[in-house]
*Asks:* 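Please read through the structure below; I'll follow up with questions.
Every chain is numbered from 1 and lettered A, B, ... according to where its sequence line falls, protein lines coming before strand lines.
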Amino acid sequence: MARTIAPVYDPQAIEPKWRDAWKKAGLFRVTEDRSKPKFYILVMFPYPSGPLHMGHFRNYVMGDAFARYKLMRGFNVLNPFGWDAFGLPAENAAIQSGIPPRVSIEQNIAISKHELDIMGVLYAWDREVSTCNDDYYRWTQWLFLKFLEMGLAYKQKAAVNWCPKDNTVLANEQIVNGVCWRCGTKPTKKELEQWFFRITAYAQRLLDDLQQLDRWPERVRVMQANWIGRSEGAELEFPVEGDGSLRVFTTRPDTVFGATFMVIAPEHPLVATIVTPHQRRNVDDYIEKTKSETEIERLSTEHKKTGVFTGAYALNPFSNERIPIWIADYVLATYGTGAIMGVPAHDARDFEFATNHALPIREVISPTPRPGGEPLAAAFEAHEGFLVNSGAYDGLSVRDGIARITADAERRGIGKPTVTFRLRDWLISRQRYWGAPIPIVYCPDHGIVPVPEDQLPVRLPEPVEFRSDGQNPLLHTPAFVNTTCPKCGKPARRETDTIDTFVDSSWYFLRYTSPKDDREPFDKTRADFWMPVDQYIGGIEHAILHLLYSRFFMKALFDAKMVSVDEPFAALFSQGMIQRNGAVMSKSKGNGVVPDDIVERYGADTGRVYEMFLGPPDQDAEWNDRGVDGVARFLHRVWRLVVGEEDEVVAGISPVSMEDLSRKRHETIEKVTRDVEAFHFNTAMSALMELANAMQDYLQGGGRRTQSWEAVCRDLTLLLGPFAPHLAEELWQRQGGDGLLVFQPWPAVDPAQLRRSQVTVVVQVDGRLRDRIEMPSGTDAAAAQTLALTRTNVQRAIAGRRVQRAVHVPDRLINLVTG
RNA sequence: GCGGGCGUAGCCGAACUGGUACAGGCGCACGGCUUAGGACCGUGUGGCGCAAGCCAUGGAGGUUCGAGUCCUCUCGCCCGCACCA
């Protein structure tokens, strides 16, 4: 075949051409085609915050390469993209600059799209969604109403986390390290009527089903399990002297005889009734103090366990002992029953509290069946022990003690086994403008009235006037607030809070399956066809937030019979971040590398391959400008190998035979395939470099460009396709390939080609390497041993001793054991 | 404190199920080619030793014919959670 003139590799000259070709060919435009297996790949959609840098691009390149790979493997690949476009930054920018959020968001989307485009990253753009468009948020509102109907949405007054900087409430998950996840401000508590989603109703299922997610990173599953925080124990009821009773939750009912005090949270309802007049003043002072100090103080690990005596006593239902009731802020009102029994001998926190307040410490669990005489220096919390000082229960193991005491409490009607979760309901109200309005009307006569489905969307008024005090502009937009009751038509007031943007992103992967549907959030048949997402890719920072919320949504929608699977993401990959000069790449640090510069200087393919090559994809990696040069060299070399003209025979290199090169070809196919499936893109790139190096050695050793050579070139080109797609298409065309490379089948391994006739077998004597011998593949143990014994190195090592036995690993190793 | 993970060349890192430790890239050295080039090509590149060889995967033990890989202890680093009873 006549080769066309092959100038040097000039990425800028060829890249735009192929991007156009892919667009024309409708790459990633798909339907529910049942003739091929489906594959739904998804990269977490971004908040459009402005220019993307190469740090952001790592997961987009990975996703794009993987999608192209799956296409070549014959899958029907759904590879959509969109924008998590509601949210605070655009609103804050609007307050400062006066540019309406929609305008800045649309500008940012245009910039981001340009950058994806020049990097050769393509999606099913015909399925693009943007959460701030009313054809999307209409269905977010619809789902809110669905949850309301299912009893999964409710309004309640609660002490909620309030971010004073962002002027809005936050869900528990959105407090990270004790501060607002977005702006780092310490939240305060506020009593507000707010909307919640009843995620706690799914706590057990969210926990149990983590086990199915065997293709998720272990650490993400562990984080979710910890967050859900299931604990098994019992509720026990202690009569309060005089009147009423106090319920506590404990994981250690076996220690009930060691309860020497009770503690209730400062917010506990009993505070109002049980405090004796004598103690009232102290209690009021204490509660006042905890209120003012709380957030900053309570976050400190050094926080001392303070508290105050109520003057009231409870009766231990097992020992009939009189126990003082205290108030302390180390007991949380929102967990369990908001009250505990203090067992200082067997709980570190209670131990500290008892020590601070001179309360008795009584050992009731002992490592041996007899009580130890010494006073405890610290709480003994282990479960390996026996009950002591516990009346009829003495001598029982902890396990049996828990079972017996719980059972007896239940029989006597003063307790029951209980499971408690750390997970709280999801607070979804936000006192902000740039989000989906909660579709609720407040009527003087009918109270809370959902906006009827056919009146959706409740449109966000645009434009609005932003206020310098940070208050939600919706409050001050009468045309929005003033409405009529859907039930009676009388004047009514609209809810002015908007929906947490994490709700928007909890179902977008379903919307992609039927993005234009104007009758429902998504078409069930299509969602059933594509779901679950087969491969999800995104940052670890969403390990709890987005991923837990989305799992909850999927289970709720499953129960509503709107979907047929109840886990959204079958496999999850969390990529590491890219750093440069020791810090995570970011615009503000000035250490970002932008795609435009890479494209201009090296071409998009070099940038793409470098991002795949620079380290294990799940770990953080350091961007090294020189490393980019190395990758550029590699791609230039590939160009010369495949379409170059002048082959120079070089003296002094070890030549590679065509037999070796053909084997290398198939080894590379095998390795790259295995690595891509496992997301080991860095080693896949190494394998391609090795193949190119071997090809070069072949030519420089005098090898000719025969048909076998052309076959090696073809496979190298195909294997490079997902990673350096522009270069690969160009080479494919120049080699006379039919159609677009991206639609070609992935190369197949020929096992016959992997076989070697001669192998290098390692000879060890007593486990130490002594020699290497070339021998025919398949040589048996006896023959290998005989061969080994002919070698002088081996004889010297044996030094006249007898070989007792030999360990033989066929075609790899023979170990002669003398001792 | 609890949970998860990681320590391999000057640097980033390979090593699938225990079987030739360090593939690939960067850097460095020398050489070639070039009017020039952060271009390209070649050779070399863990330590000690003239060599045979010995020593090397944070450290110390152990299991095994054989350990970077498995087990125990230990040191260091990173990441989550952090009064959840």
*Asks:* For a quick check under 3.5 Å, do Asp625(A) and Tyr610(A) share a side-chain donor-acceptor pair by atom type?
*Replies:*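 There is no such pair between these side chains.
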
*Asks:* Under 4.0 Å from OP1 or OP2 of A14(B): is there any side-chain N or O of Asn682(A) that close?
*Replies:* yes

*Asks:* Looking at G5(B), I'd like to know if its phosphate oxygens (OP1 or OP2) sit under 4.0 Å from a side-chain N or O belonging to Arg219(A).
*Replies:* no

*Asks:* Given the C1' atoms of G27(B) and C81(B), what is the spacing between them in whole Å?
*Replies:* 41 Å

*Asks:* Would you indicate which nucleotide in C65(B), U20(B), A85(B) comes nearest to any side-chain atom of Val762(A)?
*Replies:*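 The answer is U20(B), which lies nearest to the side chain.
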
*Asks:* When you measure from the side-chain N and O atoms of Asn693(A) to the phosphate of G25(B), is any distance below 4.0 Å, counting only OP1 and OP2?
*Replies:*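 Looking at the OP1 and OP2 atoms of G25(B), one of them is under 4.0 Å from a side-chain N or O of Asn693(A).
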
*Asks:* Expressed in whole Å, how much space separates the P atoms belonging to G5(B) and G53(B)?
*Replies:* 42 Å

*Asks:* Taking OP1 and OP2 of A23(B), is either one under 4.0 Å from a side-chain nitrogen or oxygen of Thr683(A)?
*Replies:* no

*Asks:* Is the phosphate of A39(B), meaning OP1 or OP2, less than 4.0 Å from a side-chain N or O of Arg633(A)?
*Replies:*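 Checking A39(B) against Arg633(A), a side-chain N or O does come within under 4.0 Å of OP1 or OP2.
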
*Asks:* Please tell me if Arg221(A) has a side-chain N or O lying less than 4.0 Å from either OP1 or OP2 of G3(B).
*Replies:* no

*Asks:* Which nucleotide wins on minimum distance to the side chain of Arg640(A), given the candidates A23(B), A14(B), C40(B)?
*Replies:* C40(B)

*Asks:* Between A23(B) and A14(B), how far apart are the P atoms? Round to whole Å, please.
*Replies:*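 One P to the other, the span is 13 Å.
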
*Asks:* Can a side chain N or O of Arg772(A) be found less than 4.0 Å away from OP1 or OP2 on U20(B)?
*Replies:*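 Checking U20(B) against Arg772(A), no side-chain N or O comes under 4.0 Å of OP1 or OP2.
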
*Asks:* Measure centre to centre between the rings of Phe353(A) and Phe261(A), then say whether the value is under 6.0 Å.
*Replies:*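 Aromatic pair counts; centres sit under 6.0 Å.
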
*Asks:* Is the shortest side-chain N/O distance from Gln700(A) to OP1 or OP2 of G42(B) below 4.0 Å?
*Replies:*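 Yes, Gln700(A) has a side-chain N/O under 4.0 Å of OP1/OP2 on G42(B).
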
*Asks:* With C1' as the reference atom in both, quote the distance from A51(B) to G61(B) in angstrom, rounded to an integer.
*Replies:*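 Roughly 34 Å separates the two C1' atoms.
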
*Asks:* Which is more 5' along RNA chain B, the nucleotide nearest Lys671(A) or the one nearest Asp629(A)? Just name the residue.
*Replies:* Lys671(A)

*Asks:* As a test of reading the structure: which of A85(B), G24(B), C28(B) is closest to the side chain of Tyr335(A), going by heavy atoms?
*Replies:* A85(B)

*Asks:* Between the side chain of Asp618(A) and the main-chain N/O of Ser574(A), is any donor-acceptor distance below 3.5 Å?
*Replies:* no

*Asks:* I'd like the C1' distance from G66(B) over to G58(B), given in whole Å.
*Replies:*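 Looking at atom C1' only, G58(B) and G66(B) are 23 Å apart.
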
*Asks:* Starting the side chain at C-beta, find the nucleotide from G13(B), A85(B), C26(B) nearest to Val331(A).
*Replies:*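 Of G13(B), A85(B), C26(B), A85(B) is nearest to the side chain of Val331(A).
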
*Asks:* Using OP1 and OP2 only, check whether a side-chain N or O of Gln696(A) sits under 4.0 Å from G42(B).
*Replies:*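 Yes, such a contact exists.
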
*Asks:* Picking from G53(B), G25(B), G4(B), which would you name as closest to the side chain of Val222(A)?
*Replies:* G4(B)

*Asks:* Taking the same atom, C1', in G32(B) and in C79(B), what whole-Å distance lies between them?
*Replies:* 50 Å

*Asks:* For the CG atom of Asp811(A) and the CD atom of Gln758(A), what is their distance to the nearest 0.5 Å?
*Replies:*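 With rounding to 0.5 Å, CG (Asp811(A)) is 10.5 Å from CD (Gln758(A)).
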
*Asks:* Which nucleotide in the set C54(B), G25(B), G66(B) lies at the smallest distance from any side-chain heavy atom of Arg770(A)?
*Replies:*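 So the nucleotide nearest the side chain must be C54(B).
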
*Asks:* What nucleotide, of G3(B), A85(B), C16(B), holds the atom closest to the side chain of Asn226(A)?
*Replies:*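 The answer is G3(B), which lies nearest to the side chain.
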
*Asks:* With a 4.0 Å limit, can you tell me whether Arg637(A) has a side-chain N or O closer than that to the phosphate oxygens OP1/OP2 of C40(B)?
*Replies:*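 Indeed not, no polar side-chain atom of Arg637(A) lies that close.
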
*Asks:* Less than 4.0 angstrom between a side-chain N/O of Arg796(A) and OP1 or OP2 of G53(B), yes or no?
*Replies:* yes

*Asks:* Roughly how far, to the nearest 0.5 Å, is CD1 of Ile327(A) from OG1 of Thr290(A)?
*Replies:*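 Answer rounded to 0.5 Å: 9.0 Å.
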
*Asks:* For Arg422(A) and Asn226(A), which I'm curious about, is there any donor-acceptor pair between the side chains at under 3.5 Å?
*Replies:* no

*Asks:* Just checking, is any N or O donor in the side chain of Asp629(A) or Tyr602(A) under 3.5 Å from an acceptor N or O on the other one?
*Replies:* yes

*Asks:* Taking only the C1' atom of each, what is the distance from A56(B) to U8(B) in whole angstrom?
*Replies:* 10 Å

*Asks:* Is any side-chain N or O of Arg768(A) closer than 4.0 Å to OP1 or OP2 of G19(B)?
*Replies:* no

*Asks:* Hey, which of these two, Trp227(A) or Leu614(A), hits RNA chain B nearer its 5' end, going by closest nucleotide?
*Replies:* Leu614(A)

*Asks:* Quote, to the nearest angstrom, the P distance that separates G24(B) from A15(B).
*Replies:*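 Each nucleotide's P atom is 14 Å from the other's.
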
*Asks:* To the nearest Å, give me how far apart CG (Leu545(A)) and P (G80(B)) are.
*Replies:*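 Taking atom P of G80(B) as the reference, CG of Leu545(A) is at 13 Å.
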
